Participant: 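Below you will find the structure I want to go over with you.
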Amino acid sequence: MTNVTAKPPTKLDKLEKLLIRNNGASVEEMMKATGWQQHSVRGAMAGALKKKRGLVITSEKHDGVRRYNASAPA
């Protein structure tokens with residue numbers, strides 16, 4: 001019998017999941033999901049997700065709201 005315990009998703013995992021959705025995520029949505037402040041969300045995208053995990057993060061502004069998307073590098 002194996003005793004496998006799954007680790008709960010980290011806040012970075014939650015951010016990544018939000019960013020890889022088809023419509024991406026706004027900073028407000030990421031703040032609500034993680035409980036982080038705006039500068040922490042932006043720092044996590046630039047540092048942990050872009051540099052460490054190697055995601056390509058892009059953004060577009062629609063109706064005055066900037067939405068971010070992430071994808072794996074080509």
Side-chain angles (χ1 to χ4, degrees):
M1 180 175 188
T2 60
N3 187 9
V4 178
T5 57
K7 291 172 60 175
T10 64
K11 290 182 179 181
L12 286 175
D13 294 334
K14 291 178 184 177
L15 277 186
E16 185 175 345
K17 187 175 178 181
L18 287 173
L19 289 169
I20 60 174
R21 298 184 304 182
N22 286 339
N23 61 347
S26 67
V27 170
E28 287 77 22
E29 291 170 336
M30 292 184 275
M31 289 170 59
K32 186 176 179 181
T34 60
W36 290 345
Q37 294 182 2
Q38 183 177 1
H39 65 273
S40 300
V41 169
R42 293 183 192 279
M45 283 194 294
L49 297 180
K50 188 174 179 180
K51 289 184 182 175
K52 291 186 179 177
R53 295 191 181 187
L55 296 177
V56 176
I57 298 177
T58 59
S59 70
E60 293 181 16
K61 199 169 192 177
H62 296 282
D63 299 327
V65 177
R66 183 163 298 279
R67 298 193 67 83
Y68 296 87
N69 287 329
S71 60

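Everything quoted here is computed from the prediction, not taken from an experiment.
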Participant: Which heavy atom in Glu29 sits nearest to a heavy atom in Ser26, and how many Å separate them?
Facilitator: OE1-N, 2.9 Å
Participant: Do any N or O atoms from the side chain of Asn69 and from the backbone of Thr58 form a donor-acceptor pair under 3.5 angstrom?
Facilitator: no
Participant: State whether the side chain of Arg42 and the backbone N or O of His39 hold a donor-acceptor pair below 3.5 Å, judged by distance alone.
Facilitator: no
Participant: Out of curiosity, Lys14 NZ to Met30 CE, how far, rounded to the nearest 0.5 Å?
Facilitator: 14.5 Å
Participant: Report the distance from atom OH of Tyr68 to atom CE of Met45, rounding to the nearest 0.5 Å.
Facilitator: 5.0 Å
Participant: Quick one: CD1 on Ile20 to CG on Leu15, what's the gap to the nearest 0.5 Å?
Facilitator: 11.5 Å
Participant: In terms of hydrophobic clusters joined by side-chain contacts under 4.5 Å, are Leu12 and Ile57 together?
Facilitator: yes
Participant: May I ask you to decide if His62's main-chain N or O and Arg67's side chain share a donor-acceptor pair within less than 3.5 Å?
Facilitator: no
Participant: Can you name the nearest heavy-atom pair linking Ser59 to Arg66, along with the distance?
Facilitator: OG-NH1, 3.0 Å
Participant: What is the minimum heavy-atom distance between Ala70 and Leu55, and which atoms define it?
Facilitator: CB-CD1, 4.1 Å
Participant: Measure the shortest side-chain to side-chain distance between Val27 and Met31 over non-hydrogen atoms and say whether it is less than 4.5 angstrom.
Facilitator: yes
